[in-house]
A.B. asks: 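I have a structure I would like to understand better, so I am pasting it below and will then ask my questions one at a time.
Read the numbers this way: they start at 1 and go in the same order the structure lists the ligands and their atoms.
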Amino acid sequence: MHKPHPTPQRLADICVVGAGYVGLTAAACFAALGHRVRCVENDQRRLSQMRRGETPIYEPGLDGLLREGMSTGRLTFTSEIDQAVPGAEVAFLCVGTPARPDGHPDLRQLAAAARQVATAATGDLVVAVKSTVPPGTCEALQLLSDDAASPDVRISVASNPEFLRESQAVSDFFHPDRVVVGADEEATGSCIATLYPSEWPMLRCDRRSSELIKYASNTFLALKISFANEIAGLCEHVGAEAVSVLAGVGMDQRIGPSFLAHGPGFGGSCLTKDVSGLVATADALGYDTPVARATLDVNAWARGRVVDKLATLLGSLAGKAIAVLGMAFKAGTDDVRDSPAVTIAERLLAEGAAVSTFDPVAEPEALRHLQHPDAYSAVSGADAVVIATAWPEFAQLDPARLASVMSGRVILDTVGVLDPAAAAASGLDVILPGRSAMDTFHPVMVRPLEWALDAVLV
Ligand code: UGA
């Protein structure tokens with residue numbers, strides 16, 4: 001028996017434009033709360049999949065909710081905005097806002113969706129922007145909507161950013177740390193806020209603040225990861241253990257343990273894009289954001305250092321057989337957008353290595369020819385293995401079997417899933433970033449000695 005879903009403050013007819021991770025999760029979860037949801041998706045292949053009750057993305061728990069919504073009749077799909085909008089009270093815009101090469105967000109899909117929604121509206125409509133956007137976007141969309149809507153229709157654009165994580169999207173929707181509603185008019189804000197259960201933490205504010213909350217939150221999460229990676233690098237130099245150091249840092253309640261795991265750097269469709277968007281927004285206003293810029297620089301370094309470390313361990317990468325395990329940008333998803341694993345595999349190829357890959361669900365289009373059906377087949381004959389994504393099944397790999405099929409001994413476990421002692425017993429050499437090579441021999445560190453003696457000798 002699953003727990004009943006919470007009850008929203010009122011039930012409404014809503015429309016969700018865009019059935020990606022954010023849109024499809026929102027549509028299925030709003031339907032589970034009891035709303036009548038029409039979800040618009042213009043990709044015909046995805047649309048027919050969803051109409052068959054299949055999710056076009058890998059997201060735990062989502063397929064069950066999708067089928068539940070369809071069986072109750074509360075969740076329907078269409079490719080036609082002008083069929084979905086009339087009769088809806090609120091239209092949620094959940095289309096992509098990818099980064100342009102210069103770091104500015106590309107808002108063209110969003111602008112097109114806003115205009116189509118406004119054109120299709122036959123009565124007053126609240127447009128809630130869930131896509132992540134720079135501050136000022138809702139106001140820009142308001143102007144576009146006012147221009148597109150018929151004169152007797154009033155469109156009110158508001159911000160309602162989404163904070164869910166891929167791979168935990170459904171659980172994040174039902175257990176939010178906060179729901180943020182940014183509206184410049186009380187009635188518009190209330191119209192959106194009351195679609196959610198009253199017991200969920202709610203922050204109401206103006207549109208620009210709401211838009212910036214999302215950018216600033218993702219920037220802070222990215223900053224924590226880059227900080228963890230910087231400290232992990234320092235651990236290697238001073239002979240400390242990053243896992244212990246970061247655990248100790250995170251135990252301070254003012255800091256907190258989450259998003260302090262070091263690894264191959266952050267990836268995915270959001271963090272890099274949103275930090276870049278924040279930097280670009282500030283730049284456009286003549287304001288400098290050095291902390292956000294450094295967050296991106298450290299992340300590029302964290303990715304690069306995986307390959308550099310491998311080159312140091314193997315001498316040269318040219319002609320070496322390297323297996324990369326885990327292609328998704330993180331465990332639990334099939335999403336490979338801005339995946340550190342893909343960057344690592346591409347750089348290994350560029351250095352002349354023969355690369356083989358495996359991921360339990362993800363399959364990057366451009367590297368499909370390197371993909372193997374299972375981990376053992378991918379590592380067969382490998383001089384070294386990189387574990388790039390923390391899929392739980394990698395922790396279950398049998399070290400003896402790995403050792404028997406690999407040519408070399410080195411496993412660079414960037415995400416710390418293997419048990420190094422068990423692997424060592426099978427003759428494997430598991431390298432964990434953030435850990436000094438000086439396991440047994442710790443030479444005196446000259447600088448602290450000098451500084452200490454300075455005090456004695458003065
Ligand atoms: C992120 C945010 O966590 C969500 O709150 C936000 O809603 C979402 O972006 C978005 O803007 O749509 P997501 O990209 O799904 O969610 O993934 P995260 O779980 O945040 O992971 C991002 C990256 O950081 C991954 O590559 C992950 O491996 C890495 N990471 C995460 C670390 O390297 N260390 C950590 O401690 C945590």
A.B. asks: Got the closest protein heavy atom to atom 26 (O) of ligand 1, with its distance?
C.D. replies: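 Ranking protein heavy atoms by distance from atom 26 (O) of ligand 1, first comes Gly267 N, 2.9 Å.
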A.B. asks: Could Asp184 and Arg208 be called an ion pair, given the rule that one side-chain N must be under 4.0 Å from one carboxylate O?
C.D. replies: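 Looking at Asp184 and Arg208, the cut-off is not met.
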A.B. asks: If the cut-off is 4.0 Å to any non-hydrogen atom of Asp274, which atoms of ligand 1 fall inside it?
C.D. replies: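 Those atoms are 11 (O).
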A.B. asks: Any chance the side chains of Tyr58 and Asp63 put a donor and an acceptor closer than 3.5 Å?
C.D. replies: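 Checked: Tyr58/Asp63 side chains show no N/O donor-acceptor pair below 3.5 Å.
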A.B. asks: Give the atom numbers and elements of ligand 1 that come within less than 4.0 Å of a heavy atom of Glu166.
C.D. replies: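 So the answer, numbered in order with elements, is 15 (O).
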A.B. asks: For atom 9 (O) of ligand 1, state which one of Ser269, Pro264, Cys270 supplies the nearest heavy atom.
C.D. replies: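 Looking at heavy atoms only, Cys270 sits closest to atom 9 (O) of ligand 1.
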A.B. asks: Kindly determine whether Thr343 and Arg303 satisfy side chain to side chain donor-acceptor pair (under 3.5 Å), including the steps that lead there.
C.D. replies: CA-CA 7 Å; Thr343 309; Arg303 287 186 186 193; 2.9 Å; yes
A.B. asks: Any idea which protein heavy atom is nearest atom 8 (C) of ligand 1, and the distance to it?
C.D. replies: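 The protein heavy atom lying closest is Leu164 O, 3.5 Å.
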A.B. asks: Give the residue and atom name of whichever protein heavy atom lies nearest to atom 3 (O) of ligand 1, and the separation in Å to one decimal.
C.D. replies: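 The closest one turns out to be Arg165 CG, 3.3 Å.
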A.B. asks: Among all protein heavy atoms in this structure, tell me which lies nearest to atom 19 (O) of ligand 1, with the distance rounded to 0.1 Å.
C.D. replies: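 Looking at atom 19 (O) of ligand 1, the protein heavy atom closest to it is Lys330 NZ, 2.8 Å.
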A.B. asks: How far is atom 2 (C) of ligand 1 from its nearest protein heavy atom, and which residue and atom name does that atom have?
C.D. replies: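 Protein heavy atom at minimum distance: Asn218 OD1, 3.6 Å.
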A.B. asks: I want to confirm something. Looking only at heavy atoms, which of Ile225, Leu271, Val22 is nearest to atom 30 (N) of ligand 1?
C.D. replies: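 Considering heavy atoms of Ile225, Leu271, Val22, the nearest to atom 30 (N) of ligand 1 sits in Ile225.
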A.B. asks: Looking only at non-hydrogen atoms, which of Phe266, Phe259, Phe163, Tyr215 approaches atom 20 (O) of ligand 1 most closely?
C.D. replies: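 Among Phe266, Phe259, Phe163, Tyr215, the closest heavy atom to atom 20 (O) of ligand 1 comes from Phe259.
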A.B. asks: Does ligand 1 have a heavy atom under 4.0 Å from the side chain of Leu221, from its backbone, from both, or from neither?
C.D. replies: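 Side chain only.
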A.B. asks: Against the six-membered ring of Phe163, is Arg178 placed for a cation-pi contact (under 6.0 Å from the centre, within 45° of the normal)?
C.D. replies: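 Yes; both conditions hold, so Arg178 lies above the ring face of Phe163.
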A.B. asks: Out of Ser131, Ala261, Gly250, who is nearest to atom 36 (O) of ligand 1 when you count heavy atoms only?
C.D. replies: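 When every heavy atom of Ser131, Ala261, Gly250 is considered, Ala261 comes closest to atom 36 (O) of ligand 1.
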A.B. asks: Considering only the protein, which heavy-atom contact is closest to atom 25 (C) of ligand 1, and what is its distance?
C.D. replies: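 For atom 25 (C) of ligand 1, the nearest protein heavy atom comes out as Phe329 CD1, 3.7 Å.
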A.B. asks: Under a heavy-atom criterion of less than 4.0 Å, does Lys224 contact ligand 1?
C.D. replies: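 Outside the 4.0 Å threshold, so no.
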A.B. asks: Between the side chains of Gln371 and Thr357, does any donor sit under 3.5 Å from an acceptor?
C.D. replies: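 Judged by distance alone, the side chains do pair up.
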A.B. asks: Aromatic rings Phe174 and Trp200: how do their planes relate, parallel, tilted or perpendicular, breaks at 30° and 60°?
C.D. replies: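 Perpendicular: the ring planes of Phe174 and Trp200 meet at over 60°.
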A.B. asks: Do any nitrogen or oxygen atoms of Lys214 lie less than 3.5 angstrom from nitrogen or oxygen atoms of ligand 1?
C.D. replies: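 Between Lys214 and ligand 1, an N or O pair is found under 3.5 Å apart.
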